[in-house]
S.K.: 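Here it is, the structure in full.
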Amino acid sequence: MLEVRDLTLKYGQSQILHGISLKAEPGKVTCVMGTNGVGKTSLLKAIAGRHPFAAGSITLDGRDLGHPTAFAAAKAGIAYVPQGREVFPLLTVEENLEAGFACLPKAEHTIPDRIFDLFPILKDFLQRRGGDLSGGQQQQLAIARALITRPRVLLLDEPTEGIQPNIIKQIGKVIELLRDEGEIAVILVEQYFDFAVGLADRVAVMDRGAVSYRTEQAREDRDRLLQAVSI
């Protein structure tokens with residue numbers, strides 16, 4: 001289980017996160033919601049080691065990760081799929097997937113067949129450059145690359161942004177499968193309300209860098225949750 005306790009983050013003199021606490025368990029989807037600019041992406045970046053936090057702690061299976069770098073977080077089992085995907089445009093799909101090998105021992109430098117079971121289109125496009133893929137295909141590639149690292153925790157930042165409906169549906173099915181297998185904890189930052197609530201086991205709504213509302217029953221609390229997100 002991943003546990004974030006009292007996380008505080010600053011950009012220069014501006015405080016972005018104010019004592020955020022969050023739990024993510026294997027086999028469950030924890031969704032972070034809120035309007036633009038409330039600190040959702042900053043929270044994921046802090047967990048992924050992409051931005052040092054000022055105070056608080058991050059533990060994984062009871063082990064304090066300290067203030068991890070991006071590499072240390074990935075090696076510990078935290079995979080991050082950023083907003084915008086960050087696919088290498090001049091590398092092939094295969095080379096983009098192989099970038100996930102960086103935090104793995106050499107004996108595990110193989111692309112599992114499971115990746116192509118989840119995202120069949122990638123097998124057909126292995127030699128196509130990442131920059132030549134559509135937005136939806138790039139999103140599938142970014143998630144696949146994260147799964148190459150054999151993560152314990154998967155962080156997804158706005159995976160439906162700018163994606164065509166059929167790909168959104170496919171990505172939703174992949175998240176459902178990962179949840180049902182019970183081995184990975186998923187933290188999902190998402191503004192597409194129906195998509196988020198349909199997948200979430202628990203939801204934390206953020207406002208001005210703090211958690212303003214929580215629920216362990218997202219679907220049952222749908223109306224109250226919608227009101228909390230809209231405030």
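The analysis underlying the following values was restricted to heavy atoms, covering all of them including side chains, and did not include hydrogens, waters or symmetry mates.
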S.K.: Compare every heavy atom of Y80 with every heavy atom of L44, then report the nearest pair and how far apart it is.
M.R.: CB-CE1, 3.9 Å
S.K.: How close do V211 and A204 get, counting heavy atoms only, and between which atoms?
M.R.: CG1-CB, 4.2 Å
S.K.: Quick one: ring pair (Phe, Tyr, Trp, His ring centres under 6.0 Å) partners of F116, sequence neighbours excluded?
M.R.: none
S.K.: Under the ring pair (Phe, Tyr, Trp, His ring centres under 6.0 Å) test, which residues partner F53, sequence neighbours left out?
M.R.: H67
S.K.: Show me the pairs that pass salt bridge (charged side-chain N to carboxylate O under 4.0 Å, His left out) and involve residues 162-183, at least two apart or across chains.
M.R.: R114-E181
S.K.: So, do L199 and C31 sit near enough that their side-chain heavy atoms are less than 4.5 Å apart?
M.R.: no
S.K.: In terms of hydrophobic clustering (I, L, V, M, F, W, Y; side-chain heavy atoms under 4.5 Å; direct or indirect links), are I16 and V205 co-clustered?
M.R.: no
S.K.: Are any of the side-chain heavy atoms of Q127 and E94 separated by less than 4.5 Å?
M.R.: yes
S.K.: R214 side chain to S212 main-chain N or O, any donor-acceptor pair under 3.5 Å?
M.R.: no
S.K.: Sequence neighbours left out, what pairs pass ring-ring contact (aromatic ring centres under 6.0 Å, His included) with at least one residue falling in residues 7-27?
M.R.: Y11-H51
S.K.: So which atom in A218 and which in A200 form the shortest heavy-atom distance, rounded to 0.1 Å?
M.R.: CB-O, 3.9 Å
S.K.: Search all heavy atoms of F195 against all heavy atoms of G172 and return the closest pair with its distance.
M.R.: CE1-CA, 3.7 Å
S.K.: Looking at residues at least two apart in the chain, or sitting in another chain, which of them share a side chain to side chain contact (heavy atoms under 4.5 Å, CB included) with V38?
M.R.: T35, K40, M206, D207
S.K.: Count I, L, V, M, F, W, Y as connected when their side-chain heavy atoms are under 4.5 Å apart, and connections chain through other members. Are V93 and I143 then in the same cluster?
M.R.: yes
S.K.: Please list all pairs passing the salt bridge (charged side-chain N to carboxylate O under 4.0 Å, His left out) test where one or both residues lie in residues 190-204, with sequence neighbours left out.
M.R.: E25-R202, D194-R222, R202-E216
S.K.: For the residue pair I168 and I163, what are the closest heavy atoms and their distance?
M.R.: CD1-O, 3.4 Å
S.K.: Go through the structure and list residues passing side chain to side chain contact (heavy atoms under 4.5 Å, CB included) with A79, not counting sequence neighbours.
M.R.: A146, T149, P151, L154
S.K.: May I ask you to test the R152-I184 pair for a side-chain heavy-atom distance under 4.5 Å?
M.R.: no
S.K.: Measure from the side-chain N and O atoms of S21 to the backbone N and O of D6, and report whether any donor-acceptor pair falls under 3.5 Å.
M.R.: yes
S.K.: For P159 and I171, which heavy atoms make the closest approach, and how far apart are they?
M.R.: O-CD1, 4.0 Å
S.K.: My understanding is that only residues two or more places apart in sequence, or in another chain, count here; which of them pass salt bridge (Lys or Arg N to Asp or Glu O under 4.0 Å) with E95?
M.R.: none
S.K.: Could you list the residues that satisfy side chain to side chain contact (heavy atoms under 4.5 Å, CB included) with R128, not counting sequence neighbours?
M.R.: F125, D132, L133
S.K.: Can you find a heavy atom in the side chain of T92 that is under 4.5 Å from one in the side chain of L126?
M.R.: no
S.K.: Under the side chain to side chain contact (heavy atoms under 4.5 Å, CB included) test, which residues partner E3, sequence neighbours left out?
M.R.: M1, R5, K23, T59
S.K.: What residues join L91 in its hydrophobic cluster, counting side-chain heavy atom gaps under 4.5 Å, either direct or through other members?
M.R.: F88
S.K.: Using the side chain to side chain contact (heavy atoms under 4.5 Å, CB included) definition, which of the options I115, L97, V81 pairs with L147?
M.R.: I115
S.K.: Going by ring pair (Phe, Tyr, Trp, His ring centres under 6.0 Å), name the residues that satisfy it together with H109, two or more places apart in sequence or in a different chain.
M.R.: F101
S.K.: Are L17 and L188 co-members of a hydrophobic cluster defined by side-chain heavy atoms under 4.5 Å apart?
M.R.: no
S.K.: Is a donor from one side chain sitting under 3.5 angstrom from an acceptor on the other, for D157 and T41?
M.R.: yes
